[in-house]
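By convention in this document, chain letters (A, B, ...) are assigned in the order of the sequence lines, proteins followed by strands, and residues within each chain are numbered from 1.
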Amino acid sequence: MAAHPELLTTERPTVAVERLVRGYGPKGVLNGVTLDIAPGEFVVLLGRSGCGKSTLLRALAGLDAEVSGTGRIRVPERVSVVFQDSRLLPWATVLDNVVLGLGVDDPRAKGVRALGEVGLDGREHAWPYELSGGEQQRVALARSLVRDPQLLLADEPFGALDALTRIRMHGLLRELYDRHHPAVLLVTHDVDEAITLADRVIVLDHGRIALERRIDLPEGSGRGRNPSDPGFAAIRTELLAALGVTNEAAPDSHDQPSPERTPS
Amino acid sequence: MTTLIDIARPRQSSTPATAPVALAVDERPLAKRLGPGRRRQGAAALGPVVLLVAWVVGSASGVLDPRTLSAPWTVVTTAAELVGDGRLQSNLAVSAQRAGLGLLLGILLGAALALVSGLSRVGESLVDGPVQIKRAIPALALLPLLILWLGIGEPMKVVTITLGVFVPIYIQTHAGLRSIESKYVELAQTVGLSRAAFVRRVILPGALPGFLLGLRFAVTAAWLSLVVVEQINSTSGIGYMMELARTYGQTDIIVVGLVLYGLLGLLSDGAVRLLQRRALSWQRTLNS
């Protein structure tokens with residue numbers, strides 16, 4: 001668990017989900033999920049496509065008004081969401097996107113600082129289309145962090161980026177997380193991404209929590225964890241097994257995205 | 001030695017050598033083959049110039065009878081005379097005022113209705129049907145009724161133009177507004193935008209491309225309606241001037257009027273296109 005032990009002594013978790021059921025038809029997408037996230041805890045939600053991980057995240061973001069279901073959810077007041085697409089308004093400049101709906105004194109100064117934090121100084125007045133995919137996603141990160149979120153929800157935020165950009169974004173997200181320390185719930189289907197970033201990994205399968213795994217690997221020079229660590233490989237095997245991928249069987253290309261490799 | 005020779009020789013010299021051929025092959029653009037290519041200054045004027053040249057040649061060679069279509073130079077001298085005695089300016093001013101007022105009212109009406117219909121389902125059920133019905137009725141067909149209601153004065157003319165203008169504004173703005181992707185609505189929800197801020201920051205800029213497209217149709221519609229109303233029971237305006245000329249068989253004045261209508265249409269469309277490019281610089285399209 002990360003660097004702020006004093007935050008963990010709070011009695012109330014930042015997020016509390018109890019027996020959450022969600023479904024679009026007779027077949028449930030979430031079948032009774034119970035989950036707490038402590039203040040400042042980095043939780044990664046892992047699962048194959050259709051396991052309900054996005055449904056859970058959207059429920060926490062309050063974006064599932066049209067989905068039927070039961071259960072209880074408690075989320076903090078300030079929640080930010082990062083989507084898989086950067087979701088920048090194409091008709092607003094980068095800075096206007098960052099400060100969209102921001103109700104503080106001098107939002108623009110705050111927005112400029114946030115853009116500096118994600119390494120986009122001087123791009124305040126660019127249009128979104130002038131930025132690369134990675135840069136657009138950094139703007140989206142700045143937009144979420146400028147609101148001082150108590151909870152950051154991220155739905156496969158790096159899923160559309162190339163592998164090299166993704167690695168750089170992991171480092172950036174880790175850095176920003178260490179500085180601002182919100183509780184994080186990040187959804188992904190990339191096992192390595194989960195192990196690199198998380199304090200705790202939750203594997204979701206058929207709308208239920210199939211595995212919870214605390215990640216207690218050492219941090220490699222403050223930039224996430226080192227995949228060559230032997231502990232890393234062991235956790236990967238464990239998580240892949242929970243996802244239905246074993247060492248012996250090759251990953252099923254229909255269900256399983258490509259980034260995972262079975263450890264040698 | 002070699003350097004000196006290289007400098008002295010112009011790079012794209014026509015001297016027969018093997019090098020220029022190789023260069024030409026190398027410089028062939030590799031990308032952008034499917035797009036329309038780079039925008040060239042003044043290229044839009046090519047088509048009109050060709051037409052003008054055909055007119056000049058036709059008149060000079062006698063292929064065009066002056067009673068059918070006056071020669072360009074006759075039209076120019078007639079226009080100069082009309083400007084000289086002030087008839088052109090006064091009629092143009094009246095016409096421009098009619099078209100401008102009708103256009104303005106039509107834009108306001110069309111945009112307001114599009115917002116009402118685009119932002120609420122109740123508004124859509126109330127507004128969209130009647131507008132679609134209006135759209136099916138040609139502006140000309142409404143004229144008898146409008147004349148009965150409003151007489152033959154200015155109000156009838158302005159209202160006719162307004163009715164022609166608001167439909168394209170409504171249709172395109174409404175379509176633009178409804179095509180705003182729902183993911184931006186989700187975003188607005190997650191950053192906690194108020195209803196007013198949502199309209200201002202998401203709805204209005206998102207509907208702007210549609211509105212500007214509608215504006216191009218609307219400007220054309222305004223001139224079209226103007227022509228119609230000015231040739232019926234009118235005592236001023238370019239259309240009246242042409243109608244009068246018809247009575248006396250003055251082809252040249254009719255052509256002056258036509259050229260004027262054409263110029264006005266071309267200029268106003270150019271103005272709207274300029275506005276489009278300025279206001280939509282955030283779009284990366286084939287047009288930029």
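Contact detail for L151(A) and P76(A): the closest heavy-atom pair is CB-CG, 3.6 Å.
T188(A) and E193(A) are linked by a side-chain donor-acceptor pair at a separation below 3.5 angstrom, with hydrogens and angles left out of the test.
Neither the backbone nor the side chain of R78(A) comes within less than 4.5 Å of any heavy atom in chain B. With a 4.5 Å cut-off on non-hydrogen atoms, L102(A) does not touch chain B at all. Both the backbone and the side chain of R87(A) come within contact range of chain B, judged by heavy atoms closer than 4.5 Å. Contact annotation for S281(B): both backbone and side-chain heavy atoms come within less than 4.5 Å of a heavy atom of chain A. Using a 4.5 Å cut-off between heavy atoms, E186(B) contacts chain A through both its backbone and its side chain.
Taking chain B as the reference chain and counting heavy-atom pairs below 4.5 Å, the highest number among D85(A), V81(A), L89(A) is found for L89(A). For the options L187(B), V202(B), L280(B), heavy-atom pairs under 4.5 Å to chain A are most numerous at L187(B).
The side-chain heavy atoms of W223(B) and I161(B), taken from C-beta on, include no pair separated by under 4.5 Å. Using a 4.5 Å heavy-atom threshold, the side chains of T70(A) and L20(A) count as separate.
A salt bridge links E175(A) with R179(A); the closest basic N to acidic carboxylate O contact falls under 4.0 Å.
When ring centroids are compared, W91(A) and Y184(B) come within the 6.0 Å threshold.
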